[in-house]
Colleague: 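Have a look at the structure that comes next, please.
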Protein chains: 2
Amino acid sequence: MVTTRDESVLRGSPYRADCPTRRILDRIGDRWTVLIVVALSDGSARFSELRRRIEGVSQKMLTQTLRGLERDGLVSRTVHPEVPVRVEYALTEAGRTLREPLRALEEWSVAHLGEVSASQEAYDRTH
Amino acid sequence: MVTTRDESVLRGSPYRADCPTRRILDRIGDRWTVLIVVALSDGSARFSELRRRIEGVSQKMLTQTLRGLERDGLVSRTVHPEVPVRVEYALTEAGRTLREPLRALEEWSVAHLGEVSASQEAYDRTH
DNA sequence: CTGTATCCGCTTGGATACTG
DNA sequence: CAGTATCCAAGCGGATACAG
């Protein structure tokens, strides 16, 4: 089934620069977004706790990435006006739905990482 | 169930900088890799055809990304020694297995893009 | 046709210092 | 504690020219 243009959403749109997949990948393709979603999978966490959990993330990038996720409606931010202030982050309902496709990707990664690494080494030996 | 450290692979490793998910996302998170995999989903294609199909890709990036995929063993490259030379690219067996998790992500994108866009607009109005 | 090589701007992201 | 502001280096990726 090949139509000349405007194919089904699943096969046609990815070719376009403004396709949904492209836009989502632009968002989650950065260094920290996925790690934050995973880190929040089990429940809420406060800023400093996230920073400890996610190895290597800087304060700037953690803040910046959390803002992006909040803007997308995938993460909620709750400020408890105590002293010192306490801020809780958690996945929203929409954010929780993202866990499944990410887990599929993760399973693929775990299943194929060895194969990919082997291929890379073989390639590097001959090029 | 909260363990202090070294959780199960699926829940614990994503926190590490060298976890499989992180490595795979570093690879497919770039601008063109996923689009190429999708463009090759239906079968092989030659270089110039891919360039036409994938809107906006430069010659340099198409070559570079295809080399990366070939190195990972996800795409095969076949040179037909004719004049002018013809080069066919196709997904390998491993490459084809990547379509499923990508499709899951794409379905999520399509299903939630409107919701995400609305959230962004609401956020931008209040910040 | 299918690349390779070079230059170069822009973005990403880390380090550091400072604030409510 | 949870940020904000600034500076800066590395690298991604586009444009262009050239080659087998």
Side-chain angles (χ1 to χ4, degrees), chain A residues 15 17-18 22-37 39-40 44-72 75-90 123-124 126-127, chain B residues 15-18 22-37 39-40 44-72 75-90 123 126-127:
Chain A
Y15 299 68
D18 60 344
R22 183 93 293 280
R23 290 191 49 181
I24 294 300
L25 273 153
D26 282 342
R27 277 295 294 112
I28 73 169
D30 65 38
R31 204 160 208 64
W32 304 111
T33 294
V34 169
L35 295 184
I36 290 178
V37 171
L40 289 173
S44 66
R46 44 194 306 191
F47 188 85
S48 52
E49 192 180 341
L50 282 176
R51 203 178 168 192
R52 273 193 308 274
R53 276 201 218 172
I54 302 172
E55 177 178 291
V57 68
S58 67
Q59 191 174 39
K60 172 189 169 183
M61 290 316 299
L62 182 54
T63 300
Q64 187 172 303
T65 310
L66 282 168
R67 288 293 171 279
L69 284 166
E70 189 191 356
R71 179 170 180 265
D72 292 343
V75 160
S76 66
R77 176 175 181 271
T78 310
V79 180
H80 301 270
E82 311 167 351
V83 270
V85 64
R86 194 173 95 247
V87 181
E88 293 276 346
Y89 291 94
Y123 183 95
D124 292 343
T126 59
H127 292 78
Chain B
Y15 299 66
R16 307 293 315 283
D18 60 344
R22 182 93 294 279
R23 290 191 49 182
I24 294 300
L25 274 152
D26 282 343
R27 277 294 293 112
I28 74 169
D30 65 39
R31 206 159 207 64
W32 303 113
T33 294
V34 169
L35 294 185
I36 290 178
V37 171
L40 289 175
S44 67
R46 46 193 303 190
F47 187 85
S48 52
E49 192 180 342
L50 282 176
R51 205 180 167 188
R52 273 193 309 272
R53 276 202 219 172
I54 302 172
E55 179 179 289
V57 68
S58 67
Q59 191 175 41
K60 173 189 168 181
M61 291 315 298
L62 182 54
T63 300
Q64 188 173 303
T65 310
L66 282 167
R67 288 295 170 280
L69 284 166
E70 189 191 355
R71 178 170 180 264
D72 292 342
V75 159
S76 65
R77 177 175 180 269
T78 311
V79 180
H80 301 271
E82 311 166 352
V83 268
V85 64
R86 192 174 96 247
V87 181
E88 292 275 347
Y89 291 95
Y123 184 95
T126 60
H127 292 77

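Labels below follow one simple rule: chain letters A, B, ... track the order of the sequence lines, proteins then strands, and each chain is numbered from 1.
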Colleague: Are Leu25(A) and Arg31(B) close enough that some pair of their side-chain heavy atoms sits under 4.5 Å apart?
Modeller: no
Colleague: Does the side chain of Glu49(A) come within less than 4.5 Å of Tyr89(A)'s, by heavy atoms?
Modeller: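 No. Closest side-chain heavy atoms not under 4.5 Å.
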Colleague: Taking OP1 and OP2 of dC1(D), is either one under 4.0 Å from a side-chain nitrogen or oxygen of Tyr89(A)?
Modeller: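 No, because none of the side-chain N or O atoms of Tyr89(A) sits under 4.0 Å from OP1 or OP2 of dC1(D).
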Colleague: Using the C1' atoms of five pairs at each end, what's the angle between the two axes of the helix from dC1(C)-dG20(D) to dG20(C)-dC1(D), to 10 degrees?
Modeller: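 Helix axis angle between the two ends: 40°.
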Colleague: Measuring to OP1 and OP2 of dG3(D), would you say a side-chain N or O of Arg51(A) lies under 4.0 angstrom away?
Modeller: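 So the side chain of Arg51(A) is outside the cut-off, no N or O lying under 4.0 Å from OP1 or OP2 of dG3(D).
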Colleague: Look for any protein N or O under 3.5 Å of an N or O in nucleotides 17-20 of chain D and output each such pair with its distance, or none.
Modeller:
none

Colleague: Do the non-hydrogen side-chain atoms of His80(B) and Thr78(B) ever get within less than 4.5 Å of each other?
Modeller: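 Yes. Closest side-chain heavy atoms under 4.5 Å.
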Colleague: Ignoring backbone atoms, test whether Thr63(B) places a side-chain nitrogen or oxygen under 4.0 Å from the OP1 or OP2 oxygen of dT2(C).
Modeller: no
Colleague: Reckon Arg46(A) has a side-chain N or O less than 4.0 Å from the OP1 or OP2 of dA2(D)?
Modeller: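 Checking dA2(D) against Arg46(A), a side-chain N or O does come within under 4.0 Å of OP1 or OP2.
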Colleague: What integer distance in Å separates Arg77(A):CZ from dC1(D):P?
Modeller: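 Going from Arg77(A) (CZ) to dC1(D) (P), I get 16 Å.
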Colleague: Taking all non-hydrogen atoms of both residues, which atom of Thr65(A) and which atom of Met61(A) are closest, and how far apart?
Modeller: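 Looks like OG1-O, 2.6 Å.
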Colleague: Would you list the protein and nucleotides 12-15 of chain D atom pairs, both N or O, that sit under 3.5 Å from each other?
Modeller:
{"from": "dG13(D)", "atom 1": "OP1", "to": "Arg31(B)", "atom 2": "N", "distance (Å)": "3.2"}
{"from": "dG13(D)", "atom 1": "N7", "to": "Lys60(B)", "atom 2": "NZ", "distance (Å)": "3.0"}
{"from": "dG14(D)", "atom 1": "OP2", "to": "Ser58(B)", "atom 2": "OG", "distance (Å)": "3.3"}
{"from": "dG14(D)", "atom 1": "O6", "to": "Lys60(B)", "atom 2": "NZ", "distance (Å)": "2.2"}

